[in-house]
Amino acid sequence: MRCPFCGNENTRVIDTRAAEDGFAIKRRRECENCSKRFTTYERLDDRPLIVVKKDGSKQLFDKHKIYTGLLKACEKRPIAESKLLEIAEEIERELKNRLEQEVTSLEIGEMVMSRLKKLDEVAYVRFASVYRQFKDVNSFLEELKKLLNGGEN
Ligand SMILES: [Zn+2]
């Protein structure tokens, strides 16, 4: 951690404690060169991410649920499982990089769909049909037609 005053790279941690919200570590550091002191905050990588479902209930984010959903949508499609795990991990990373601690299941669904759409159209329609719970056959066919025509929404 570089000293913000003189730019020296060698700084010493003199105090470590949890930040007020409990999701970060606050460190008091002292520069070994100019002896000035400063504070750094380190966010924990495993800061819990909460998923808010349609009915308002909450649960911990689990990338394996995304992976399982992808597997189901891609059944018998020529897509490597490692690619699906990659997508689940990418979504997890993106969500954790945001400042919000909560995400709706709807947002996650959209993130999955936008990636599936690029990857495999059949898998995309399968996922979307379960996820969006098309109200009737017509709206499902509508979506399918858009895809077959290569048009965007
Ligand atoms: Zn310094």
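Numbering of ligands and ligand atoms starts at 1, following listing order. In what follows, residues are counted from 1 in the order of the sequence shown.
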Pairing of Glu94 and Arg115 as salt bridge, 4.0 angstrom limit: yes
Look at the side chain of Arg126 and the backbone N and O of Ala73, then say whether any donor-acceptor pair between them is shorter than 3.5 Å. yes
Residues that Ser57 engages under side chain to side chain contact (heavy atoms under 4.5 Å, CB included), provided they are two or more places apart: Lys53, Asp55
Counting distance only, does the side-chain N/O of Glu110 pair as donor-acceptor with the main-chain N or O of Glu107 below 3.5 Å? no
Salt bridge between Glu89 and Lys63, side-chain N to carboxylate O under 4.0 Å? yes
Less than 4.0 angstrom from a charged side-chain N to a carboxylate O is my criterion; do Lys83 and Glu86 meet it? yes
Residue-atom pairs from the protein, N, O or S only, that lie under 2.8 Å from the Zn ion (ligand 1): Cys3 SG, Cys6 SG, Cys31 SG, Cys34 SG
